[in-house]
Amino acid sequence: MDDLSTIRSEALGAVAAAADLGALDAVRVAALGKKGSVTGLMKTLGGLAPDARREFGARVNQLKSEIEAALEARKASLGASALADRLAAEKVDVSLPTRPDFANWGQGTLHPIGQVMDELAAIFGEMGFAWAEGPDIEDDWHNFTALNIPPDHPARQMQDTFYLPPRADGTPMVLRTHTSPVQARTMLDKAVQKMLADGGSLRVIVPGRTFRLDSDATHTPMFHQVEGLVIDRTTHMGHLKGCLVDFCRAFFEVDEFPIRFRPSYFPFTEPSAELDIGCSWKDGELRIGAGDSWLEILGCGMVHPRAIANCGLDPAVYQGFAFGMGIDRIAMLKYGIPDLRSFFDSDLRWLRHYGFSALEWPSLTQGLGR
Ligand code: DAH
């Protein structure tokens, strides 16, 4: 019996004294392990008379539970303080001044996605487009319904959507699957509606992040698109064609290369098309320009009258075109980057190789003849 209280006070004392999780585990093994003190008591039970065994067995079991509970509690508190220690040790003081040897560190570079966004701003800016943005976390109505994709529409299955918990008021939320919801946000903007009513014309590009449940060499769950939208009273398919052909020539810096529009389907445009650019493959390497192959780079079309009406404008008065293009894809094509996933690896060697000088402003607009 004495044994029992000695083991009890030793074990509980050792639990309290354990300074880290390793020491605590040693205490557990010493008491409850195969050769542990409590396990040793269990082994003596067989030699006792039935009554004594029942009584002693109950006390040993209770001791075992008591030590287990103490181990658990100590483990939780040591774990919490280990985390606190680690947080304190790894703390970064962001207010420290830069290092005196900063000049020797070498310069950073612009990521190709940022570079291409600058190029888009330069080229479309020259054509009179403004830059617009919208939220990455979007409600279902702007992402789908406003764009003529009602809840039961099969086109919802075309995009592998990340669904989010609904907002407090029950509004279903998603990570936007395309930049197109910003078309709706822009048309719904009261200042834009007034500008249009006053006879102005709306031209915006919307570069930004988009999200789909998809991951392989040519798809990442987060990627980038740029949306384009033009709305006024007279813009027609010919304008769409001219605008996108001009863009392709300026962006890819090739004067003579084949571009073709192929009929397609999108719920928010009618008619709809996809644009392909000419290319060729030589020794496994892709070349943009005249050749015997085609690459699809964007979807486009005349904005569907129902999308215009959903966004508070009269489709009998207003019309225009829209397009949507993958930024990562055109960056890969232009700069010969073979694997999409490498964009998001943050590998310094890759960034130095494919990155751009921060002070170089794209001068791609000469070809636009303005
Ligand atoms: N939102 C489409 C997609 O992600 C791309 C697109 C197609 C955008 C046609 C447009 C458009 O504005 O007119 O697949």
Side-chain angles (χ1 to χ4, degrees), residues 120 124 127 129-136 138 140-150 153-162 174-188 202-214 218-232 235-245 247-248 259-277 295-308 310-311 313 315 318-330 340:
L120 292 166
F124 284 109
M127 297 188 206
F129 284 74
W131 176 293
E133 289 180 4
D136 291 356
E138 186 54 280
D140 179 279
W141 189 84
H142 284 96
N143 197 78
F144 294 119
T145 313
L147 301 169
N148 195 31
I149 317 177
H153 197 286
R156 289 202 177 202
Q157 260 82 61
M158 280 162 54
Q159 308 188 341
D160 296 306
T161 311
F162 284 108
V174 297
L175 285 179
R176 67 176 177 189
T177 56
H178 48 181
T179 41
S180 306
V182 188
Q183 285 191 33
R185 290 187 173 274
T186 309
M187 286 190 270
L188 282 161
L202 167 67
R203 290 180 206 179
V204 287
I205 54 164
V206 186
R209 291 195 184 94
T210 47
F211 307 84
R212 285 183 209 176
L213 221 160
D214 217 347
T218 51
H219 297 89
T220 48
M222 188 280 300
F223 56 105
H224 298 83
Q225 285 193 340
V226 58
E227 195 79 12
L229 177 67
V230 176
I231 297 283
D232 56 23
T235 287
H236 53 67
M237 195 88 181
H239 295 121
L240 171 147
K241 205 172 161 199
C243 169
L244 292 177
V245 167
F247 163 75
C248 288
I259 294 171
R260 78 177 179 191
F261 286 81
R262 211 167 10 85
S264 184
Y265 169 77
F266 299 102
F268 32 89
T269 44
E270 181 60 35
S272 304
E274 280 169 307
L275 186 159
D276 300 337
I277 56 173
L295 270 177
E296 175 212 321
I297 64 158
L298 61 85
C300 59
M302 297 303 293
V303 182
H304 199 291
R306 265 205 294 269
I308 293 185
N310 287 345
C311 298
L313 294 172
Y318 298 108
Q319 59 185 46
F321 68 78
F323 60 86
M325 180 158 48
I327 295 183
D328 319 72
R329 187 167 165 76
I330 59 171
L340 173 66

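Bear in mind that the values here come from a model prediction, so they are computed numbers and not experimental data. Order of appearance sets the numbers: ligands from 1, and atoms from 1 within every ligand.
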Quiz item: Below 4.5 Å, heavy atoms only, C-beta onward: do Met187 and Leu229 meet side chain to side chain?
Solution: yes
Quiz item: With under 30° as parallel and over 60° as perpendicular, where do the rings of Phe124 and Phe129 fit, or are they tilted in between?
Solution: perpendicular
Quiz item: How about Phe321 and Phe261: are their ring centroids closer than 6.0 Å?
Solution: no
List ligand 1's nitrogen or oxygen atoms that come under 3.5 Å of a protein nitrogen or oxygen, with the partner atom and distance.
unit_1, atom_1, unit_2, atom_2, d
ligand 1, 1 (N), His178, ND1, 2.9
ligand 1, 1 (N), Ser180, OG, 3.0
ligand 1, 4 (O), Arg212, NH2, 2.8
ligand 1, 4 (O), Gln225, NE2, 3.0
ligand 1, 12 (O), Gln183, NE2, 3.0
ligand 1, 12 (O), Glu227, OE2, 2.6
ligand 1, 12 (O), Phe323, N, 3.4
ligand 1, 12 (O), Phe323, O, 3.3
ligand 1, 13 (O), Ala322, O, 3.1

Quiz item: Out of curiosity, Leu298 CG to Leu275 CG, how far, rounded to the nearest 0.5 Å?
Solution: 4.5 Å
Quiz item: Ser180 versus Phe266: any side-chain heavy-atom pair under 4.5 Å?
Solution: no
Self-check item: Residues forming a ring pair (Phe, Tyr, Trp, His ring centres under 6.0 Å) with Phe144, sequence neighbours excluded
Solution: none
